[in-house]
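Only one structure is covered here, and it is reproduced in the block below.
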Amino acid sequence: MTLRSDEVTKGLERAPHRSLLKAMGIIDNEMDRPFIGVVNSWSELIPGHIHLDKLAESVKAGIRLAGGVPFEFSTIGICDGIAMGHEGMKYSLPSRELIRDTIELMVQAHRFDGMVMIPTCDKIVPGHLMAAGRLDIPTAVVTGGPMLPGFVDDEERDLISVFEGVGERQNNKITDEKLKALEDCSCSGAGSCAGLFTANTMACVTEALGMSLPGCGTTHAVDAKKFRLAKETGMKIMELVEKDITARQIVTPEAIDNAIILDMAIGGSTNTALHLPAIAHEFGQDLPLDRFDEMSRTTPHLTNLRPGGNHFLLDLERAGGVPAVMQRLGDMLSLDVLTVTGETMARNLESFTPVNPRTNASVIKTLDDPIHPEGGIAILKGNLAPDGSVIKQTAVHPDMMVHSGPARVFNSEEESMHAIMDRQIKAGDVVVIRYEGPKGGPGMREMLSPTSAIAGMGLIDSVALITDGRFSGGTRGPCIGHVTPEAAQGGPIALVEEGDTIEIDIPNRLLDIKVPGNVLEERKARWKNPVVETKKSYLARYQRYVGTASRGSILE
């Protein structure tokens, strides 16, 4: 078997290279074995990553058991929760491409024969998968796992409980003591936040793509099962190297469709409409935004997880996780696709039996009796979003599926937060937050603080929010993001004025501003872009090259 690492270890002229490897403890016997990159996004900055150093030890043990030589290196990662609501969030989405690029640099320079990736959280999992598609070598992924829910006032809680608690306290619905209890007890320790937010959605999507072992997506960070899966993944990568099964053989167009169908069935984060197109692009595929809507129309919503429902990832894990949901979906999926087990998805699902059948039946509904007849995400278009916008329709109250109201217009997240916290937003309003898109932000910030404040003040079922930015996977309610073209490109959202009537019709996929076309043309003629080009910053490069959200905000 010819290995990429032979370029480093074989031949007379590679004596200096072998000498450097020996300086790190590599012995002659190991020079003939596959070199495996262990790509670890561990840091002391993110709860979802704080334990990944230990997970990497399990992966490396598995690689050694199967005859490989592991080399661990790190990637960066930004905690969206800590970055939320200030300038730091502008750096979150742009970090995705930088993560991809750093992995490419390390793997190509050192000629690894395969990779085991250990990411968790929002942009980090997509960044790793994008690198896997670009490099196309044998690759398997171990996502770090969810956090256990916290417990306050006899109820299970998560990070969104704290964000919404801020609005509740501002509206005198809870006391300072209750907010402090939420702050102290909602986030219980290591792992990605406990609901079906972006991090856990992407972990489930990774498993549905076939890129992680069955059960990995929902196995919790503190569960010994996670460390066993990590060790098994370390062993499995050696089989993939031996058989030369590369990432592009696994992530086919059919696998991408499986991932979207799974996403629709579990009601995942709207951020998948950014990340999956970007991942598909690196795998040499085109994934138009409309594909999400096509899949949503025909895929029922089967499990009601936070933020739209009351179940946590722990409930889905106990019910059987991603394999259990995929078993329910059955023939809706392409089951002959290859996975990192070396077997097809069909073979993986045939061998799966839920450990807790009663929990399985209560948490995951059937195709004949779904929670909602359509999937989690809807793509809305109209004269306010000609190229599309995204909403998590399964987290919207039935009374707000069709809504018309006056626009309350803000040119930044901060402006909107001041108005919300000052109680200037009233029932029926449509809050418009613009110049927060990929170029306008720059960086396309998540609007979790405004949506959580609205929810905490009891307005989530009577106030809509529209933005060319995006939302956290923890957002619920009639919140429409990714409006394209964005305001910084002169899109119609830039032309909305205070008091304009905006109409939202989710069942018919419409988002319109009720202003005559000639009036909009007059406004466009007067419009001047207020966005100042960013100087001397990573964001300057990002702002210059980032594309539209409707195509995944990839760098073009």
Determine the minimum heavy-atom distance between [X] and [Y], stating which atoms define it.
X    : Y    : value
G342 : I245 : CA-CD1, 4.4 Å
A190 : V222 : O-CG1, 4.4 Å
A132 : M115 : CA-CE, 4.2 Å
D315 : H311 : OD2-CA, 3.4 Å
M444 : G469 : CE-O, 3.7 Å
E317 : G215 : OE1-O, 4.3 Å

Does any N or O in the side chain of [X] come within less than 3.5 Å of the main-chain N or O of [Y], such that one atom is a donor and the other an acceptor?
X    : Y    : value
S296 : I377 : yes
W42  : H51  : no
T475 : F471 : no
T75  : I99  : no
D158 : C193 : no
K231 : A61  : no
D113 : V241 : no
S472 : G474 : yes
S452 : S449 : no
K365 : I371 : no

Exercise: do [X] and [Y] side chains pair donor with acceptor under 3.5 Å:
X    : Y    : result
D244 : Q249 : no
S212 : T206 : no
E254 : T252 : yes
S269 : T201 : no
T344 : D336 : no
N200 : R306 : no

Exercise for the section: List the steps and the verdict of side chain to side chain donor-acceptor pair (under 3.5 Å) for S41 and H49. Expected result: CA-CA 7 Å; S41 58; H49 294 213; 3.2 Å; yes

If the threshold is 4.0 Å, N to carboxylate O, is there a salt bridge linking [X] and [Y]?
X    : Y    : value
K236 : E232 : no
K123 : D80  : yes
K180 : E183 : no

Could you give the distance from [atom1] ([X]) to [atom2] ([Y]), rounded to the nearest 0.5 Å?
X    : Y    : atom1 : atom2 : answer
L159 : M84  : CG    : CE    : 8.0 Å
H128 : R96  : NE2   : CZ    : 13.5 Å
L302 : I266 : CG    : CD1   : 10.0 Å
D257 : L333 : CG    : CG    : 10.0 Å
D122 : R470 : CG    : CZ    : 7.0 Å
R111 : S5   : CZ    : OG    : 9.5 Å

Is any side-chain heavy atom of [X] less than 4.5 Å from a side-chain heavy atom of [Y]?
X    : Y    : result
L305 : F312 : no
F73  : N40  : no
N348 : P323 : no
H220 : M147 : no
V125 : V205 : no
V142 : L55  : yes
P146 : F197 : no
E57  : K54  : no

Among [options], which one satisfies side chain to side chain contact (heavy atoms under 4.5 Å, CB included) with [X]?
X    : options                : result
I118 : V59, V39, T233, V141   : V59
F71  : V38, I36, I26          : I26
M457 : K173, E164, E168, M421 : M421

Exercise for the section: Please assess L21 against E30 for the test side chain to side chain contact (heavy atoms under 4.5 Å, CB included), listing each intermediate value before the final yes or no. Expected result: CA-CA 10 Å; L21 289 166; E30 291 176 298; over 6 Å; no

Practice task
Mind running side chain to side chain contact (heavy atoms under 4.5 Å, CB included) on L209 and I250 for me, showing each step along the way?
Solution key: CA-CA 7 Å; L209 284 171; I250 294 171; 5.8 Å; no

Practice task
Might you work through the side chain to side chain contact (heavy atoms under 4.5 Å, CB included) test for T272 and M202, ending with a clear yes or no?
Solution key: CA-CA 7 Å; T272 56; M202 289 307 306; 3.9 Å; yes

Surrounding [atom1] of [X] (heavy atoms of other residues, nucleotides or ligands, distance under 6.0 Å), is the total greater than 12?
X    : atom1 : result
E242 : CD    : no
K90  : NZ    : yes
N356 : CG    : yes
R33  : CZ    : yes

Problem - Evaluation steps, side chain to side chain donor-acceptor pair (under 3.5 Å), between N310 and E156 - result: CA-CA 9 Å; N310 295 321; E156 289 181 315; over 6 Å; no

Problem - For N360, the option from R328, R318, Q327 that meets side-chain hydrogen bond (donor to acceptor under 3.5 Å, both in side chains) - result: R328

Practice task
Begin from the C-alpha positions of R157 and L182 and carry the test side chain to side chain contact (heavy atoms under 4.5 Å, CB included) through to its verdict.
Solution key: CA-CA 8 Å; R157 305 286 187 166; L182 289 170; 4.0 Å; yes

Exercise for the section: Step by step, work out the side chain to side chain donor-acceptor pair (under 3.5 Å) result for S192 and T120. Expected result: CA-CA 7 Å; S192 45; T120 312; 5.9 Å; no

Exercise for the section: Please test R134 against Q108 for side chain to side chain donor-acceptor pair (under 3.5 Å), starting from the C-alpha separation and ending with a verdict. Expected result: CA-CA 11 Å; R134 176 174 289 186; Q108 293 291 60; over 6 Å; no

